[in-house]
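Since we're looking at a predicted model, the values are computed, not measured. Within every chain, numbering begins at 1; the chains are lettered A, B, ... in the order of the sequence lines, protein sequences first and strands thereafter.
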There are 2 protein chains.
Amino acid sequence: MVSVRDVAVAAGVSVGTVSNVLNRPDLVAASTMERVNAAIVDLGFVRNDAARQLRAGRSRSIGLIVLDVGNPFFTDVARGAEKRAGDDGFSILLGNSDESSVREASYLDLFEEQRVHGVLISPASDDLPRLHRARDRGIPVVLVDREAPDRSFSSVAVDDIAGGRAAVEHLIETGRRRIAFVGGPTSIRQVADRLAGARIAASERAEVALEYVPTSSLTVRAGVEATAALVARHPSHRPDAVFAANDLVSIGALQAALAAGLRPPDDLAIVGYDDIDFAETTTVPLTSMRQPAALIGSTAVDLLLGEASQGEGFEPQQVVYQPELVVRESTVAS
Amino acid sequence: MVSVRDVAVAAGVSVGTVSNVLNRPDLVAASTMERVNAAIVDLGFVRNDAARQLRAGRSRSIGLIVLDVGNPFFTDVARGAEKRAGDDGFSILLGNSDESSVREASYLDLFEEQRVHGVLISPASDDLPRLHRARDRGIPVVLVDREAPDRSFSSVAVDDIAGGRAAVEHLIETGRRRIAFVGGPTSIRQVADRLAGARIAASERAEVALEYVPTSSLTVRAGVEATAALVARHPSHRPDAVFAANDLVSIGALQAALAAGLRPPDDLAIVGYDDIDFAETTTVPLTSMRQPAALIGSTAVDLLLGEASQGEGFEPQQVVYQPELVVRESTVAS
DNA sequence: GCCGTGAGATGATTCGTTTCAGTCGTGAGA
DNA sequence: TCTCACGACTGAAACGAATCATCTCACGGC
């Protein structure tokens, strides 16, 4: 493996000069630079990032931990983050916690060992102490799609309470009275907030009943199972609307409804959350709360880099975007 | 930032002993180990991976470059790879080339600088020399979802020619005669092979016409645009079936067909490729060629680790899986 | 009392890069 | 002629962990 030393020898200069060619080309004479570059190409020299990092003390990478890589919402967030990070010469390390706090912790460990420039995380649990520890060690942390209860971290989120409320208000306006909220676990803050918003909207009208149907994860499968149980009930006890905690669950809910012979929106209305691309291509296109996924990702990187460049006296900032209701045939007949 | 030296001082031992506690616990006395571990917790010591790597010469990470993170097929591949890698203590660095050879090259550079343990790549282009260079520098390379023309690399692929052929044979059997293959660019091997397979199947029956409708990328949007142009033709020139290069394109094709007032499968049959989860939840559930995505990912890691542990005399291996036709309502009325 | 043995601990050295104080030589100004 | 400034380049030190040839010590055997 060829090192700067080899390049230096080949070009007849010192290692310091090779380093300058690589990092501060303005400090070196044109003719020297040419010789060094020729040697680099000749020998096939590739910088060793580990040595670079060791010297620098931190890496040029940013860790991103998402709840589910299979969810297009999060890949969109990742895309936004990656683009923004790339502009500043940073790269994104993507970790998938699959809603497991164990996996989440192991990614945090990994990222800490890598002396990552910072961590963007959509937490699976409420383990804020763990995050504080990371920050105490000098690694900035920004919460994604979630706010810190005590505002001790910067965050980029969408107002999930408002979103939950708007979704249920839409269902009420279109005539539904028995609404089921499908999703879980509530240890995921997004779920808890959307449910809270839904409850607020429901509580404003005495004739509206809101039922919480928990699931163990936010997947298509979970949506199918929970909804299948709902629609198997006697018609008099069956909800007339499902508000799903995210679009994967809502897709599952739609499948279960169709399998049971129900025809949305008449027999059952369905609202999802995230407005992933696939929500508009389903058998019955799904009404959903749209979130600006890529913008969330890029804003998170902004906040992170800001915090990283400032240091001690940094004041955490909360950015909150508003979700937007996208109405489709799963709630309103076309 | 606390280092092994600080831990050693706090525990009253040498740095070598701390390192032994971390890496070869069997060599150190129980009482010593306890003291060291206590010091580690006390001081909040976190190993510096850069220093570790520098010493070791290579990292415990494997780079994975995919064509499109937004495509669930690739996230499934990534999942499979990550799981398998994790079992051996490796982590996966996920890079998204977005079908751009420029982005692909920049990820390769990054991974080389990181002295990655190996690279799994679903190449966007035919730049094999670049890959050979990486391997010459000691970085094993395994091709994913694609075979090397000269078998000079190990690979895990699915027989796309057979897949393309089976898809078109299915269309012919169900009565279609004017078939459009939608997708591109053909510089992506998967596209070229699926098209080649389609042509073979079509050529076996004189009365079948196959038309190639290129797109610039494999996305829902591209599928919509290409198909919209097709269905806008006079009925006598309109194809009676679309074979899409992947499911994202087929979802786009379905949207365009519905928007034009056509009702699959009668007015237009549609076959996709990959059988992503969302293929069965579309307005008209999509017939698709299923590929064992997670298995592809884990097998690729297997081959990579095998090659990495052997070294020089390694013989590239080709693993080829067979795709499986999954018939749904987009080709056969229910 | 001596030697051999082996468990346990040591600490100097190494990995490859960046940085920075310092050297060298040239040319302008006094 | 001497000094000073400056551009160009040098090379040693430092980053933090892992390794391995050595060293220490206690104990058993004779």
Side-chain angles (χ1 to χ4, degrees), chain A residues 1-37 39-40 43-61 89 109-110 112-117 137-139, chain B residues 1-37 39-40 43-61 89 109-110 112-117 137-139:
Chain A
M1 192 93 283
V2 10
S3 75
V4 273
R5 163 155 283 108
D6 302 314
V7 173
V9 171
V13 298
S14 73
V15 292
T17 301
V18 176
S19 177
N20 282 337
V21 169
L22 260 21
N23 304 298
R24 301 131 89 189
D26 45 310
L27 294 187
V28 16
S31 64
T32 310
M33 199 158 120
E34 214 167 301
R35 278 199 339 273
V36 172
N37 280 326
I40 287 177
L43 302 177
F45 167 74
V46 176
R47 264 200 198 41
N48 184 324
D49 197 53
R52 228 151 108 76
Q53 272 188 48
L54 175 57
R55 186 79 237 277
R58 46 165 42 177
S59 86
R60 305 277 299 169
S61 298
D109 289 343
L110 180 67
E112 282 197 60
E113 290 194 0
Q114 312 237 68
R115 298 292 190 274
V116 130
H117 211 83
R137 292 192 180 120
I139 299 184
Chain B
M1 190 95 283
V2 12
S3 76
V4 273
R5 160 155 284 109
D6 302 314
V7 173
V9 170
V13 296
S14 73
V15 292
T17 300
V18 176
S19 176
N20 282 337
V21 169
L22 260 24
N23 304 298
R24 301 130 88 188
D26 45 310
L27 293 187
V28 17
S31 63
T32 311
M33 202 158 117
E34 215 167 301
R35 278 200 340 271
V36 172
N37 280 328
I40 287 178
L43 303 178
F45 167 74
V46 176
R47 264 199 192 51
N48 183 324
D49 198 52
R52 231 151 106 76
Q53 270 188 49
L54 175 58
R55 187 78 233 279
R58 46 162 45 174
S59 86
R60 305 278 299 168
S61 297
D109 289 344
L110 180 66
E112 281 197 62
E113 291 193 0
Q114 313 237 67
R115 297 294 189 272
V116 130
H117 210 83
R137 291 189 181 126
I139 298 183

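For DNA chain C, the outermost nucleotides in 5' to 3' order that have an atom under 4.0 Å from a heavy atom of chain A are C:dG16 to C:dT19.
Each of A:V15 and A:S31 was assigned the nucleotide of DNA chain D with the nearest heavy atom; the assignment lying further toward the 5' end belongs to A:S31. Along DNA chain C, the nucleotide nearest A:R47 and the nucleotide nearest B:V13 are compared for position; the residue whose nucleotide lies closer to the 5' end is B:V13.
Residue A:Q114 contributes atom CD, which lies 15 Å from atom C1' of D:dG16 at whole-angstrom precision. Atom C1' of nucleotide D:dG16 and atom CZ of B:F45 are separated by 8 Å, given to the nearest angstrom. D:dG7 atom C1' lies 16 Å from atom CE of A:M33, rounded to whole Å. Rounded to whole Å, atom P of D:dG16 lies 20 Å from atom CG of B:N20. Between A:D26 atom CG and D:dC6 atom C1' the separation is 15 Å, expressed in whole Å. Distance A:D49 CG to D:dC15 C1': 14 Å, rounded to the nearest Å. At whole-Å resolution of the value, CG in B:L27 and P in D:dA18 are 13 Å apart. Straight-line distance from the CG atom of B:L54 to the P atom of D:dA14: 17 Å, rounded to whole Å.
Using a 4.0 Å heavy-atom cutoff across all strands shown, B:S19 reaches at least one base atom of the nucleic acid. The residue A:V4 sits close to a base: some heavy atom pair falls under 4.0 Å. Among the heavy atoms of the strands, none lies under 4.0 Å from B:V18.
Judged by distance alone, with hydrogens and angles left aside, B:R55 brings no side-chain donor or acceptor close enough to the base of D:dA17 to form a pair under 3.5 Å.
Just one residue in the list A:N20, A:V13, A:V18 forms a side-chain contact (heavy atoms from CB on, under 4.5 Å) with A:T32, and that residue is A:V13.
Contact record, B:V15 with B:R5: CG1-CA, 3.7 Å, taken as the closest heavy-atom pair.
Taking the side chain of A:S14 as heavy atoms from C-beta on, and the options D:dT10, D:dG16, D:dA12, the nearest nucleotide is D:dT10. The side chain of A:T17 lies closest to D:dC9 when the candidates are D:dA18, D:dA17, D:dC9.
A donor-acceptor pair under 3.5 Å links the side-chain atoms of B:R137 to the main chain of A:G44, judged by distance alone. Looking at A:R35, its side chain does come within 3.5 Å of a backbone N or O of A:A11 through a donor-acceptor pair. Using a distance-only test at 3.5 Å, with no hydrogens or angles considered, no donor-acceptor pair links the side chain of A:R24 to the main chain of A:V21. Although no hydrogens or angles enter the test, the distance criterion places a donor-acceptor pair under 3.5 Å between the side chain of A:D6 and the main chain of A:S3. Looking at A:R47, its side chain never comes within 3.5 Å of a backbone N or O of A:V4 through a donor-acceptor pair.
In this structure, C:dT17 forms a base pair with D:dA14, meeting either the Watson-Crick or the G-U wobble geometry with both donor-acceptor distances under 3.5 Å.
For the pair B:N23 and D:dA18, the criterion of a side-chain N or O lying under 4.0 Å from OP1 or OP2 is met.
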